[in-house]
Each structure stands twice: as C-alpha cells, then as structure tokens.
> 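Have a look at this one.
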Amino acid sequence: MTYRLYACGSNGNFQLGLDDDEDRRRLECAQFQTEKGRTVDLNVRPKKIACGGNHTLVLLENGQVYGAGSSQYGQLACLQDHLPVFQKLDLPAKMKDVVAGWNYTVFISAHDEVYTCGQGFTGELGLGKTHLQALPTKLDLPDNGRIVKAESSLHNVVIQFENGELYGFGNNKKGQLLDGPKVLWTPTRLAVHARDFALARDFAVFLSDERLLLQGKDQYKVAERLQAVDQVDRIWAMWSSVHVLCGRQLLSCGNNSHGQLAPATTITEPVKIAIGSEHGLLAEKFRVFAWGWGEHGNCGQHKKGKTGVTFDYMNTIYNEQHVVEDVFAGCATSWVVAQRSENV
Amino acid sequence: MSETITVYDQIEIEDFVFDPTQRIFTYPCPCGDRFQIGLDDMLDGEDIAVCPSCSLMVKIIFDEEDLAEYVDT
C-alpha cells in the first residue's frame, strides 16, 4: 500500500508543498523530498496533517514529521525562510501528534514530551514570555501520564492527559480557556474536565459530563443552541463556528457569513470530517465534499450555475477510484489522503 | 454580477496588533494573510479592516478614546 496526499486552496507561502506559491482550485499531489529524490508516493501512512496560517505539517505513522510552507518564524523547526515541498524535519524525538496555529507548531513525542517552536505574542509557545523560538523547545508539564489529545486554534492550545486533566496555554483574552489572566504564558491546568473539546478563535467548547459547555465570547449565541444538542459523538470548530457530529447528523452553529454552517446532509456511511479556518470537508469512501468559504480554491470549483466565494452546498472536490484514507483542512487549504494499492 | 459586500466578523481593537512604524493595525485572516486598517483611517471614522489577499473584511470594535494611546506611539 502507498499513499498520496492531495491538496488545494491558499498557497501564498508554498504551504501546499507543490513547489510554487499559486493557489489551486483542483486537488494536486503534494511533493515530498526524500533521500531518493522527489516523490508523490508515500510508503508510510500519513497519520495527521496539521495546518498553521501559512505552514503545513505531515505526521507519518512512523513518527517522522514533514513540513512545507513558511518557516519565517521557525514554525517548521528549521532556519530556512520557507520549504517549497515537504521536507523531513529534524526533530528531537519521534512524534505521535502535532498541532499548529498561526505562526507556531506544537509537537507531542511518543514519550509524551511536548515541544513548541515558531512565533506567538500571546503565549502560544507555552514557554513563558518568549515570542520567538526557532528550534523545538521542551515545555514544562506535570507528570500526568500519557497525553491522549491535543487541539489548537490560531492562538491557543489545549492538551488532555489520560487522567482527564486539561492543560492550556496561549490567548485567553475572552476567557475561553479559563476565568483568569488574558494570556496563559505557560501550560496551566484548566478548571473544566472534558471528553472532547474544540477551540474556535474567541471561544472554546468542552464536552463535559455529556453537556456542551461554551467558554469565551459568544456573539453568535452558540451556547444557547448547543444546550439542545445531545448524544454528541465529536466536536470541531472553525474560527467562528462549532460543528457537532450526532450520529448521522452534522449540526453547525455560529457565524454563517460565507456558508460556514454545514448544509443539511444525510450521512449514510461512516464518514471523515475535517474543519478548517472557515470551511469544512466531508469524506465518503471514494468522494470528498467541501462547504463554506472557498475563495482560494479550498472548496474546489463551483458546480454549474454557482458563482462567488461562498459554497452553501456540498461541492464535490474528489471523486476517484482510490479510497479516501482521511481528510484534513487548514487556513483555506484542503487535504485528502488517498490509498493506492500496489496493482493500480 | 458582483458579490454583495459582507462583513465576515467583528473584532475588538485589543485583539489587533499595532505597528507603530507603519501606523497600522493587523489581525489574522482565515486565508493566511492579515486584515489591515490604518490608524489615520480610524481617526477619520473608518472601522472596516480589509485583507490584501482576499475579499474578507472585519469590523473593528473601538471607541474613539481607545485611539489616544496609539496616536503618540
């Protein structure tokens, strides 16, 4: 089995790994620099793609991480200004997770150490009042056992330990992480316990005792709508909306200025969902659909009769013979991981 | 037909970063670029920050007296 990584959308800083900085309205295969030269075929499964404002990280199942796009502030853990195609990053350990925000990256090692690099003016690095860190630097965290989940928004991060405790750092100007200071300069234990959580730009949603709890600024009256939701399977957040999977329904609430709230859709088979800055992706076995704000090509090309930057319907962006392994979404970027069996 | 102008979101002045050299406020745009608005434009009553790379714009929430601390920097 090999894998290919397809990308489209915003590409002003080479973040699609296509060796140029032109936006794409159609999916194209991301390129990887390996010891044997450039390739689009990966022998190891890409486990996760994490997207910052202008940089992208691909975590492989073997713990290696590749990066493309801007590293102007060291967000790709290298001294180059940018990486035009995906290159293996020189990291202190094998990683099991990676999350990214505006100009920063957080790596979680197989041994549950947390490293950060890049730029953050409101505690995004979790290293105290350090704004810039070009090389991955280890955070001080309590010995709480294994880290089971990490999420980020453009300007803050929450880490969940196996004992259920949540630690957050970064921007807390709206009180979205806890009732406290406007900036959490170092990892700080949150008062809330949660099975799942999602970080929007100015608020956060926690699934606590099977109730959805909103903290932070609520200009779109999301909290009120979430009260009626039960049987939650998973939650995600764009920058200004929340998306909740309840069985076979995807419920959205929040900002709908550009069709961000998912169009009514019947989910008929197990699906993968990815939520970007202001757009979303829904994947079936052989097809991927996009909705929301698609100005940079991240929702593909409109179907006949539709124009503009808003995709208020499920637009097909992938419809191929190769099975969709997973989907991911970033700042106006869309990513499809497809399996390729040896004989095709 | 041109698209109707929609303000994508409202952002408080405390969330913007001020660059005293260029006298502009900036804030991240979901496309990867940054919304911008000039201090002088705000002094003239402008409250819409635009992104140089896309059509999105945000309304900046501020009171006139908020600007005083930036004028002399």
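A, B, ... follow the sequence lines: proteins, then strands. Residue 1 opens every chain. Any value given below was found using the heavy atoms of this structure, including those in side chains, with hydrogens, waters and symmetry copies removed.
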> Does NZ in A:Lys306 sit with more than 12 non-hydrogen atoms of other residues, nucleotides or ligands closer than 6.0 Å?
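Yes, enclosed.
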> Looking at A:Glu278, A:His155, A:Gln15, which has the largest count of heavy-atom pairs under 4.5 Å with chain B?
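The option with the most such pairs is A:Glu278.
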> Salt bridge or not between B:Asp9 and A:Arg201? Use side-chain N to carboxylate O under 4.0 Å.
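So B:Asp9 pairs with A:Arg201 through a salt bridge.
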> Using 4.0 Å as the upper bound for N to carboxylate O, is an ion pair formed by A:Lys182 and B:Glu14?
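Salt bridge between B:Glu14 and A:Lys182, a charged N being under 4.0 Å from a carboxylate O: yes.
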> Quick one: are A:Glu295 and B:Ser55 in side-chain contact, heavy atoms under 4.5 Å?
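The answer is yes, as the side chains (C-beta and beyond) meet within the 4.5 Å cut-off.
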> From A:Ser257 OG over to B:Leu56 CG, what is the distance, rounded to the nearest 0.5 angstrom?
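Result: 7.0 Å between the selected atoms.
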> Write down the atom of B:Tyr8, the atom of A:Asn255, and the distance for their closest heavy-atom approach.
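Of all heavy-atom pairs spanning B:Tyr8 and A:Asn255, the closest is O-ND2, 2.8 Å.
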> On a heavy-atom basis, which atom in B:Pro30 and which in A:Ser277 lie closest, and how many Å separate them?
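Taking every non-hydrogen atom into account, O-OG, 2.9 Å.
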> Do any of residues 60-67 of chain B have a heavy atom less than 4.5 Å from a heavy atom of chain A, and if so, which, in residue order?
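Expected list: none.
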> Checking heavy atoms, do the side chain of B:Asp15, its backbone, both or neither come under 4.5 Å from chain A?
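When you check distances to chain A, atoms from both the backbone and side chain of B:Asp15 fall under 4.5 Å.
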> In the structure I gave you, are the side-chain heavy atoms of B:Glu12 and A:Lys173 within less than 4.5 Å of one another anywhere?
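Heavy-atom side-chain distance check fails, nothing below 4.5 Å.
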> For A:Ala332 and B:Cys31, which heavy atoms make the closest approach, and how far apart are they?
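Answer, listing the atom of A:Ala332 first, then B:Cys31: CB-CA, 4.1 Å.
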> So for A:Asp202, is it side chain, backbone, both, or neither that comes closer than 4.5 Å to the heavy atoms of chain B?
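For A:Asp202, the side chain is the part near chain B, not the backbone.
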> How close do A:Trp239 and B:Pro28 get, counting heavy atoms only, and between which atoms?
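Taking every non-hydrogen atom into account, CZ3-O, 3.6 Å.
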> At their closest point, which heavy atom of B:Gly32 faces which heavy atom of A:Trp102, and how far apart are they?
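In this case the closest contact between B:Gly32 and A:Trp102 is O-CH2, 3.2 Å.
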> Output the option from A:Gln219, A:Met238, A:Lys174 having the highest count of non-hydrogen pairs under 4.5 Å with chain B.
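Of the options given, most contacts go to A:Lys174.
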